[in-house]
*Asks:* 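Mind having a look at this structure? Questions to follow.
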Amino acid sequence: MKILVYFKQCLIVCLLLVLFSEVAFAQSINTVWFTTNLRFQSAKTSWGGFLDVPIRSTDNYEQLQQFIIRPAVSYKFNKNFTAAVGYAYVSNYSYMDDIRHHSDEHRPWEQLIYNHNIGRVLFFHRLRNEHRWISSVATPNDYKTQQRIRYYLRGMIWFKQDSALKKGFYGVLQDEIMFNYINKETTNNSFFDQNRAYAAIGYKFNRMLDLEGGYMYQLSKQRNGTTLTNNCIQLTLYTKFTL
């Protein structure tokens, strides 16, 4: 747990440095992200899996910017710890003179999730390591590599629900920070890559279906040294199946 406390302290310091030293030089955009999240869990074993499918718009919600398919296999050690390995295919689109240009990314990854309660609040800690192969519009068949690590902290609290937590409204506060630790020159020449702060309200219809909507404030370091800020409306559909 000392490692986790130390990591949180480092996260707070990094966030403060980003917010106070870089936001003044930021450009701003407005987007919408929609994600479908399908989760599967074996009823007889600890094995499971999930499939995330995020769709993201360009500035002012005009066109498609990014489409991701992210499958994974997971193993639940106990009620608090889950490990997973997966792969993401990322399809990126840019537009110039009404012509759509395409580049893509292949991204194997592994992660560890730790969840616990403090009072009525359920916390999720996720540490994910990504191995990125990234192409560009200019050289679509030439992939550059990069290693990135992501830490995600999510707090969730029920407003009012039945005693079995089967149905009801809940609130969410979360933050995720990302660092490029190998080959940072592949994307933005920066150790700091992104930070995503998010607040949302969700509704659990039953044990299998949740719908969540909220606002995300994203900081993203650019190759030219500036910081891009994204005011993002985010909608997520969660489903969970027991096999």
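Residues: numbered from 1 along the sequence shown. Remember, it's a predicted structure, so these values are computed and weren't measured experimentally.
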*Asks:* Can you spot which of F205, F159, Y203 makes a ring-ring contact (aromatic ring centres under 6.0 Å, His included) with F169?
*Replies:*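 Checked F205, F159, Y203 against F169; only one passes ring-ring contact (aromatic ring centres under 6.0 Å, His included): Y203.
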
*Asks:* Using only heavy-atom distances, determine whether the side chains of Y93 and H101 contain a donor-acceptor pair under 3.5 Å.
*Replies:*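 Side chains of Y93 and H101: no pair found under 3.5 Å.
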
*Asks:* Would you check if Q66 and S91 make a side-chain contact, meaning some heavy-atom pair closer than 4.5 Å?
*Replies:*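 No, their side chains stay 4.5 Å or more apart.
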
*Asks:* Mind checking whether Y170 and L122 have side chains closer than 4.5 Å, heavy atoms only?
*Replies:*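 When only atoms from C-beta onward are counted, L122 and Y170 do not touch, as no gap falls below 4.5 Å.
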
*Asks:* Tell me if a side-chain donor or acceptor on S57 pairs with a main-chain N or O of V32 at a distance below 3.5 Å.
*Replies:*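 Answer holds: yes.
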
*Asks:* State whether a side-chain donor-acceptor pair under 3.5 Å links E212 with Y198.
*Replies:*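 The criterion, which ignores hydrogens and geometry beyond distance, is satisfied for Y198 and E212.
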
*Asks:* Consider only side-chain N and O atoms of Y181 and N129, and report whether a donor and an acceptor are under 3.5 Å apart.
*Replies:*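 There is such a pair between these side chains.
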
*Asks:* Would you tabulate the side-chain donor-acceptor contacts of residues 133-142 under 3.5 Å, counting partners in other chains and residues two or more places apart, or write 'none'?
*Replies:*
unit_1, atom_1, unit_2, atom_2, d
S135, OG, D104, N, 2.9
S135, OG, D104, O, 3.0
S135, OG, D104, OD1, 3.1
S136, OG, T139, N, 3.1
S136, OG, T139, OG1, 2.9
D142, OD2, K144, NZ, 3.4

*Asks:* Could you check whether any side-chain N or O of K221 sits under 3.5 Å from a backbone N or O of G225, counting only pairs where one atom can act as donor and the other as acceptor?
*Replies:*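 Side chain of K221 to backbone of G225, a donor-acceptor pair under 3.5 Å: yes, one is there.
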
*Asks:* Does a side-chain heavy-atom distance below 4.5 Å link R56 with P54?
*Replies:*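 Yes, close enough: below the 4.5 Å cut-off.
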
*Asks:* side-chain contact (heavy atoms from CB on, under 4.5 Å) between W109 and R70: does it pass, once the steps are laid out?
*Replies:* CA-CA 10 Å; W109 53 268; R70 186 163 42 213; 3.6 Å; yes

*Asks:* Of the options F123, F81, F77, which is the one that meets Y114 in a ring-ring contact (aromatic ring centres under 6.0 Å, His included)?
*Replies:*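 For Y114, the ring-ring contact (aromatic ring centres under 6.0 Å, His included) test succeeds with only one of F123, F81, F77, which is F81.
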
*Asks:* Given side-chain contact (heavy atoms from CB on, under 4.5 Å), test M178 with R196 step by step and report yes or no.
*Replies:* CA-CA 9 Å; M178 309 179 195; R196 301 174 180 178; 3.3 Å; yes

*Asks:* Hey, is CD1 on I182 packed in by over 12 heavy atoms from elsewhere, all under 6.0 Å?
*Replies:*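 Yes, CD1 of I182 has more than 12 neighbouring heavy atoms, counting only those of other groups under 6.0 Å.
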
*Asks:* Do T226 and N224 get their side chains close enough for a donor-acceptor pair, meaning under 3.5 Å?
*Replies:*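 Note: T226 and N224 side chains meet the donor-acceptor criterion.
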
*Asks:* Looking only at side-chain N and O atoms, does H131 offer a donor or acceptor that is under 3.5 Å from a partner on Q146?
*Replies:*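 No - no donor-acceptor pair under 3.5 Å links their side chains.
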
*Asks:* Is R100 close enough and on-axis enough to Y95, meaning under 6.0 Å and within 45°, for cation-pi?
*Replies:*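 Ring-cation test returns no.
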
*Asks:* Hey, does the side chain of T82 reach the backbone of K76 with a donor-acceptor pair shorter than 3.5 angstrom?
*Replies:*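 Between the backbone of K76 and the side chain of T82 there is no qualifying donor-acceptor contact (under 3.5 Å).
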
*Asks:* I'd like to know if the side chain of T58 and the backbone of Q63 have a donor-acceptor N/O pair within less than 3.5 Å.
*Replies:*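 Indeed, once roles are kept as given, a pair shorter than 3.5 Å links the two residues.
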
*Asks:* Check D193 with R148, please: is the shortest side-chain N to carboxylate O separation under 4.0 Å?
*Replies:*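 Between D193 and R148 there is a salt bridge, with a charged N closer than 4.0 Å to a carboxylate O.
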
*Asks:* Less than 4.5 Å apart, side chain to side chain, heavy atoms only: is that true for I177 and F192?
*Replies:*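 With C-beta onward as the side chain, the pair touches.
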
*Asks:* For the side chain of R120 and the backbone of W158, is there at least one donor-acceptor N/O pair under 3.5 Å apart?
*Replies:*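 Looks like yes, one N/O pair under 3.5 Å.
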
*Asks:* Before we go on, tell me: are the rings of Y152 and H125 under 6.0 Å apart, centre to centre?
*Replies:*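 No.
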
*Asks:* For E130, is there an ion pair with R150 - N to carboxylate O distance below 4.0 angstrom?
*Replies:*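 Looking at R150 and E130, the cut-off is met.
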
*Asks:* Do Y87 and V73 have side-chain heavy atoms sitting under 4.5 Å apart?
*Replies:*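 Sidechains of V73 and Y87: no contact.
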
*Asks:* Is the backbone N or O of N80 less than 3.5 Å from a side-chain atom of N78, with the two atoms forming a donor-acceptor pair by type?
*Replies:*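 At least one qualifying donor-acceptor pair exists.
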
*Asks:* So which heavy atom on S74 is nearest to which on G49, and how close?
*Replies:*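 In this case the closest contact between S74 and G49 is OG-N, 3.3 Å.
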
*Asks:* Do D210 and K204 sit within salt-bridge range, that is, some charged N less than 4.0 Å from a carboxylate O?
*Replies:*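 Salt bridge between D210 and K204, a charged N being under 4.0 Å from a carboxylate O: yes.
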
*Asks:* Is any side-chain heavy atom of N231 less than 4.5 Å from a side-chain heavy atom of Y217?
*Replies:*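 They are in contact (side-chain heavy atoms under 4.5 Å apart), so the answer is yes.
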
*Asks:* Looking at N180 and S190, what are the two nearest heavy atoms and their distance?
*Replies:*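 For N180 versus S190, the nearest heavy atoms are ND2-O, 3.0 Å.
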
*Asks:* Under the 3.5 angstrom rule, does the side chain of Q174 hit a backbone N or O of V172 as a donor-acceptor pair?
*Replies:*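 Checked: no pair found.
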
*Asks:* For a 4.5 angstrom cut-off between non-hydrogen side-chain atoms, does I55 reach T35?
*Replies:*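 The answer is no; the side chains never approach within 4.5 Å.
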
*Asks:* Within the side chain of N30, is there an N or O that forms a donor-acceptor pair under 3.5 Å with the backbone of D59?
*Replies:*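 Such a contact is absent between N30 side chain and D59 backbone.
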
*Asks:* Walk me through whether I29 and L228 qualify under side-chain contact (heavy atoms from CB on, under 4.5 Å).
*Replies:* CA-CA 8 Å; I29 62 174; L228 181 69; 3.9 Å; yes

*Asks:* Parallel, tilted or perpendicular: which fits the ring planes of F179 and F191, with parallel below 30° and perpendicular above 60°?
*Replies:*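 Parallel, since the angle between the ring planes stays under 30°.
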
*Asks:* Rounded to the nearest 0.5 Å, what separation is found between the OG1 atom of T187 and the CG atom of N189?
*Replies:*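 Reported value, rounded in 0.5 Å steps: 7.5 Å.
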
*Asks:* Going by distance alone, is a donor N or O of one side chain under 3.5 Å from an acceptor N or O of the other, for D52 and T36?
*Replies:*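 Absent: no donor and acceptor within the cut-off.
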
*Asks:* Looking at E176 and R154, is any side-chain nitrogen of the basic one under 4.0 Å from a carboxylate oxygen of the acidic one?
*Replies:*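 Salt bridge flag = no for E176 with R154.
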
